[in-house]
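Notes to accompany the following structure.
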Amino acid sequence: MLSKLLYCGKCKRTRSFISKPNGKVYVQTCLMADRVGNRCKNRGMTVEIIYAQLMFDLEQYEQQLLNSELQSHQMIILPFK
């Protein structure tokens, strides 16, 4: 689902996913190498961490949209004098 949307925070390259036999999905450790051979080594993690952060960010964005919509409606409802 998040293929090509998740990037390494250190080297900015796309991250890969791997499914383990236990059924869990993980973001793989980033092992991309630069031009001189230095590896990134940004650690992997379970995909649940990514989903939790994504849901948190989406909920905050939804709240911002609702607040801005409420403010725009309040401006329209003001009576003329």
Side-chain angles (χ1 to χ4, degrees):
M1 178 176 151
L2 297 175
S3 179
K4 307 259 182 186
L5 295 176
L6 188 63
Y7 291 85
C8 177
K10 291 184 179 182
C11 70
K12 309 297 184 227
R13 300 217 177 138
T14 57
R15 298 292 297 266
S16 299
F17 297 89
I18 187 168
S19 297
K20 296 285 186 168
N22 64 6
K24 290 191 176 188
V25 179
Y26 293 88
V27 178
Q28 284 187 322
T29 299
C30 185
L31 296 174
M32 298 304 270
D34 62 15
R35 292 183 179 144
V36 293
N38 297 318
R39 297 237 177 240
C40 176
K41 297 183 184 176
N42 195 358
R43 292 179 31 184
M45 66 191 83
T46 63
V47 76
E48 284 84 16
I49 295 169
I50 303 297
Y51 288 146
Q53 184 64 49
L54 180 61
M55 289 306 298
F56 178 77
D57 291 342
L58 286 173
E59 288 169 359
Q60 282 190 322
Y61 182 65
E62 178 185 36
Q63 198 60 42
Q64 289 174 355
L65 289 176
L66 291 172
N67 288 340
S68 67
E69 186 176 307
L70 180 62
Q71 289 174 353
S72 68
H73 284 293
Q74 287 175 347
M75 292 173 59
I76 295 170
I77 297 174
L78 293 175
F80 293 104
K81 288 188 178 183

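Not measured: the values here are computed from a predicted model.
Q64 is linked by a side chain to side chain contact (heavy atoms under 4.5 Å, CB included) to Y61, counting only residues two or more places apart in sequence or in another chain. For the side chain to side chain contact (heavy atoms under 4.5 Å, CB included) test, residues two or more places apart in sequence or in another chain that qualify with N38 are D34, V36.
We find the CD-CE distance between E48 and M55 to be 14.0 Å, quoted to the nearest 0.5 Å. Atom OG1 in T46 sits 6.5 Å away from atom NZ in K24 (nearest 0.5 Å). Rounding to the nearest 0.5 Å gives a distance of 14.0 Å between CG of L5 and CZ of R15. With values rounded to the nearest 0.5 angstrom, Q28 atom CD is found 12.5 Å from N42 atom CG. How far CE of M32 is from OG of S16: 8.0 Å, rounded to the nearest 0.5 Å. Here the straight-line distance linking atom OH of Y7 with atom CZ of R13 works out to 12.0 Å at 0.5 Å rounding.
At a threshold of 4.5 Å between non-hydrogen side-chain atoms, the residues L54 and D57 do not count as touching.
Of all non-hydrogen atoms in G44 and T29, the two that sit nearest each other are N-OG1, 3.4 Å.
I18 belongs to a hydrophobic cluster with Y26, counting contacts under 4.5 Å between side-chain heavy atoms of Ile, Leu, Val, Met, Phe, Trp and Tyr, direct or through other members.
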